[in-house]
Amino acid sequence: MADLLNDLNPEQLAAVTLPAQHALVLAGAGSGKTRVLTTRIAWLIQTGNASPHSVLGVTFTNKAAREMMTRLSTLVPMSLRGMWVGTFHGLCNRLLRAHHRDAGLPQTFTILDTQDQLAVVKRVMKSMHADEERFPPRQVQYFINDAKEEGRRPSQVEVHDEFTRRYAEYYAAYDELCQKEGTVDFAELLLRSHELLANNQPIREHYQGRFRYLLIDEFQDTNRLQYRWLKLLCGPQAVMFAVGDDDQSIYRFRGANVGNMTDFERDFQVKNLIRLEQNYRSHGNILKAANTLIASNRNRLGKNLWTEAGDGEPLRVFEARSDIEEAAWLVEEVQALVREGHARRDIAVLYRSNAQSRVVEHALFSAGISYRVYGGLRFFERLEVKHALAYLRLAANPADDAALLRVVNFPTRGIGARAMEMLQDTAAAARCSLWDAIPKVAGKAGGSLAGFARLIESLRSEAAGLPLPEVVELVLHKSGLVAHYKAEREGADRVENLEELVNAAAAFVQEEGLAGAPAYVLDAEPLESNEFQSAAGVAASTGSPDDVGDGVGRNEVGNIGVAAGATPPGDDPATEFQDPLAAFLAHASLESGENQAGEGSDAVQMMTAHSAKGLEFHNVFITGLEEGLFPHENSLNEDEGLEEERRLMYVAITRARTRLYLSFAQSRMLHGQTRYNVASRFFDELPRNLMKWLTPTLARSQRDADPWSGSASAPAPRQASQSAQAMPFRVGQNVSHAKFGAGIIVDAEGSGSDARVRINFGGAHGLKWLALEYAKLTAG
DNA sequence: AATCCGTCTATTTTT
DNA sequence: TAGACGGATT
């Protein structure tokens, strides 16, 4: 126990040992957030406050969930089975599998990823003869997801005009098709389990009674529905421990609602607001830069990072004439760093948009420096892997229309558009799945389709009873996928990926403790279909606890399970309600897999500022710091957009441990055109005295020469560094003014009677220059 | 059934 | 600029 709390700073310690009350932890970048979260759980368990059974840990990414579990298992000696730690979607999946009947879903429901969802939308719209010019399927998809994230079913969508009317129609048809086919998209996982809890009192009370400690990571990234889901799960005896950083909220565009933080404070009457401001990552100058920059944002809860480490080096700023020159300079600096003994993996190149990577890649490649670009296609999203998964889905459930459509003629087996049209008409007429319609199709088309049906049948029977990796192996070969790609000129990588899928299955089975178990058995559980025709039906047909009686033991798993007519919820991994094959398919949808191989290699790391969140590097380059690019032009219309860009820049800056380079180019090739940009406004929002300009003269006659360069290139530099000494205040410091209230120092210059500071008071007062001679300022 | 060609588009991303 | 997509061609 003493070990557990060792080396925690006072704020961390306070957060970890907080009494059982709702709490909001404002965790700055590099402040030991994950440590606090995991130590909190370990402390709750070790002090006997909580059993693992009563803990629910929620994260956004599988990576974060895994890290939490790994760290916990080193902190807590006892078994952590029974603890629920996972992503929102993973946990919802688990709830819905356990209570599929109450949720109106078949136990074997399949999860649609973004691509799959778009394919279903297109299929729906085709069947409705929609004008895809006027109503782009992609837009319809966004519309559906937005609606779901606001908790709205098709009937609840507000219809203003023809467009929203059509969109709502497509949404309704889409939901109906998903219900018929037993598929669930990502947003649906959330919405459906929210409805399950909202409408089914026994189930809700069961989980509310069980989970006494809810701990949420990256709270600033939650969307409205996720917050409502948490509220529903957090019963009267439960406490919520939310950790987040409003300054690192960079996902507004995908529905994240920072407002959830203040809503949480209000809704739960949070008395414990803890700020973790001590930073263990970066040198002082980097933190000062970050603090100063973010102080220009008005909508903040307020926070100021500090460190016990020294100031370190200044920020190095480079102005290039072109993107190519910028890349060439970067390569030189990288080479110098490597010569100095830095590992390439400890150098990161960050940029605002993916298109910017090309020039840098080209330059690094020509210089023979190995690099790794984050982003792009993930393992389970690859075409060949998707095909293989579709065959597996058909093995699990031949009535999976989407899977059938994907591979019925891949590899090609003479089933063309005519045959498929007949099949779809037949299925529509008989109101059955495509699979069930195959025997009803006559003629030549029927013949080729029957051949496909025989293939799937024999696949199913041969694979039945085999362990999962062998099933995958069998599917790859019997389907003809491997042969197909082997015959293709550029197919080597694809064959490799297919073989990798066998490994992935083996690893999965190993991790879940299912090695050797049959992947599935034939006719295990009859697929119960469509008890509910639409999602609305869930509300209508559940939620009546009449048959339960009042005496339901709230904490007793068995009772509730029987009463609610569901499989009793248990403690085991997500596989508890499914056979290994179904679990693996869910896993493939919920965890898209690693981005790329070569993670271990010593390569320069290239990524967008977004994907850098949560990471740290000794040396960081932030490139393309130009107006229109970063901040991005599409964000400049509203304040909210600009503030989010600034937060993104804040995230980027705080990735650096010791050295930070900032660069921009006067001209850049974008969309096949040369664009001429000016330096990003963010340069004006950073303290001048912290920046060392590597390019003294180019187009910045307005700027002051900096005190960091040995030979002053401008005649009479303002002496920022000296004034910093004579100045009783420093940039980044919190101060308070009699009239304007609390603020933060954003800039400082002059000395003696000339000394003045620029303060951001936020709110109505905003930014102000104040002369120290007159203004009465107090620290803090 | 594969290939070619013109057209369109272009911020950020996890599940 | 370059990749993706859809339609038309061979």
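The chains referred to below are lettered A, B, ... by the order of the sequence lines, with proteins before strands, and numbering in each begins at 1. Both backbone and side-chain heavy atoms feed into the values below; hydrogens, waters and symmetry mates do not.
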> Decide whether a cation-pi geometry holds between R97(A) and F109(A); the criteria are a distance under 6.0 Å from NZ or CZ to the six-membered ring centre and an angle within 45° of the ring axis.
yes
> Take atom CD of E132(A) and atom C1' of dG7(C), then tell me their distance rounded to the nearest Å.
14 Å
> For F60(A), report the nucleic acid contact type (base, sugar-phosphate, nothing); a contact means any heavy atom under 4.0 Å.
sugar-phosphate
> Can you sort out which residues in residues 249-257 of chain A have a heavy atom within less than 4.0 Å of DNA chain B? Ascending by number, please.
Y251(A), F253(A), R254(A)
> Just to be sure I understand the rule, does G414(A) reach a base, reach only the sugar-phosphate, or reach nothing, if contact means heavy atoms closer than 4.0 Å?
sugar-phosphate
> With a cut-off of less than 4.0 Å, is there a side-chain N or O of T114(A) near OP1 or OP2 of dT14(B)?
no
> For dC5(C) versus dT12(B), give the span between their P atoms, rounded off to a whole number of Å.
16 Å
> What contact category does N354(A) fall into here, base, sugar-phosphate, or nothing, at under 4.0 angstrom with non-hydrogen atoms?
sugar-phosphate
> How is N223(A) classified with respect to the nucleic acid when contacts are heavy atoms under 4.0 Å: base, sugar-phosphate, or nothing?
nothing
> For residues 350-360 of chain A, pull every pair meeting salt bridge (charged side-chain N to carboxylate O under 4.0 Å, His left out), keeping only residues two or more places apart or in separate chains.
R352(A)-E645(A)
> Classify the nucleic acid contact of K122(A) as base, sugar-phosphate or nothing, counting any heavy atom under 4.0 Å across all strands shown.
sugar-phosphate
> Do R646(A) and Y650(A) meet the cation-pi criteria used here (NZ or CZ under 6.0 Å from the six-membered ring centre, within 45° of the axis)?
no
> Does a nitrogen or oxygen in the side chain of R358(A) sit under 4.0 Å from OP1 or OP2 of dT1(C)?
no
> Between T412(A) and dA1(B), is there a contact of a side-chain N or O with OP1 or OP2 at under 4.0 Å?
no
> Could one point to a donor on the side chain of T608(A) or the base of dT13(B) with an acceptor on the other under 3.5 Å away?
no
